[in-house]
Amino acid sequence: VKVSAYAASQEPTKLYMQAGDSFKMKDLLYSLMLVSHNDTAVAIAESVSGSTAKFADKMNTRAKQLGCTSTHFVTPNGLHDEEHYSTVYDMYLFMNAAVKNETFLEIIKSSHYTANYTDAAGNPVTKEWDSTNKYLMGTEPMPEGVTVIGGKTGTTGEAKYCLVQYNENTAKEPVISIVLKADSRDNMYLLMSEMLKNFAN
């Protein structure tokens with residue numbers, strides 16, 4: 001993936017890529033899923049579809065295919081837009097489809113990743129990222145009887161603190177759990193843990 005000037009200009013959370021940098025797509029997927037880099041999301045969208053608008057069209061088409069009825073995408077990174085929205089049930093449909101992909105599962109299970117890419121001048125660059133999921137990092141205790149496989153955090157001023165997560169209970173049954181619009185990061189994990197206790201067995 002060759003980074004455009006537009007992708008490199010994205011704010012706020014970012015990888016700090018520069019126009020002309022070259023990445024493997026897999027490294028960008030780790031950047032996106034572990035750390036939510038907004039510039040990465042745009043670079044991926046442009047690489048796949050040529051523009052963020054065309055990528056959003058693909059996202060909306062896929063959402064309808066999955067049975068979503070209350071979702072509309074405008075941006076690839078989820079930054080606020082009045083026309084960009086979803087619901088708990090539709091987020092469940094997305095995660096339920098995504099976990100069938102082995103590469104996706106491999107990525108969301110990771111607490112740490114080392115990426116190697118080439119900058120615009122041809123120099124090798126190494127970046128290291130830690131997951132923003134506190135369960136995976138061991139800084140938030142896992143709910144009793146539940147193993148957190150992985151998931152995706154998301155935060156904006158309007159959406160507040162969100163987490164869509166894939167878990168396994170003591171019976172080895174998959175459990176998808178979702179918290180949207182928590183008023184703080186701590187309360188997001190509190191709500192998630194309290195909810196998951198009900199599905200431990």
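Taking a 6.0 Å sphere around NZ of Lys160, one finds it holds 12 or fewer heavy atoms contributed by other residues, nucleotides or ligands. For Gln65, the CD atom counts as densely surrounded, since its 6.0 Å shell holds more than 12 non-hydrogen atoms of other residues, nucleotides or ligands.
At a cut-off of 3.5 Å, with distance as the only test, a side-chain donor of Tyr30 or Glu106 sits close to an acceptor on the other residue. Side-chain polar atoms of Glu46 and Ser4 form a donor-acceptor pair below 3.5 angstrom. For Ser36 and Thr13, the side-chain atoms include no donor-acceptor pair closer than 3.5 Å. In this model, no donor atom of one side chain and acceptor atom of the other lie less than 3.5 Å apart for His80 and Thr156. In this structure, a donor-acceptor pair under 3.5 Å is absent between the side chains of Ser70 and Thr87. Between the side chains of Asn167 and Ser177, at least one donor N or O lies within less than 3.5 Å of an accepting N or O. Residues Thr75 and Asp81 bring no donor and acceptor atom of their side chains to less than 3.5 Å of each other.
No chain of hydrophobic side-chain contacts below 4.5 Å, direct or via other Ile, Leu, Val, Met, Phe, Trp or Tyr residues, connects Met142 to Val99. Leu79 and Tyr85 fall into different hydrophobic clusters, where Ile, Leu, Val, Met, Phe, Trp and Tyr are joined by side-chain heavy atoms under 4.5 Å apart, directly or via other members. Under the 4.5 Å side-chain heavy-atom criterion for ILVMFWY residues, no single connected hydrophobic cluster contains both Val3 and Val42.
Between the side chain of Lys54 and the backbone N or O of Gly50 there is no donor-acceptor pair closer than 3.5 Å. Not a single donor-acceptor pair under 3.5 Å links the side chain of Ser110 to the backbone N or O of His112.
Using a 4.5 Å heavy-atom threshold, the side chains of Val1 and Ile44 count as separate. When side chains are defined from C-beta on, Leu163 counts as touching Tyr135, because their heavy atoms get closer than 4.5 Å.
Looking at residues two or more places apart in sequence or on another chain, you find no side chain to side chain donor-acceptor pair (under 3.5 Å) involving Asp186. Residues passing the ring pair (Phe, Tyr, Trp, His ring centres under 6.0 Å) test with Phe55, sequence neighbours excluded: none.
Of the residues listed (Val179, Thr155, Asp183), the one engaging Met188 in a side chain to side chain contact (heavy atoms under 4.5 Å, CB included) is Val179, and it is the only one.
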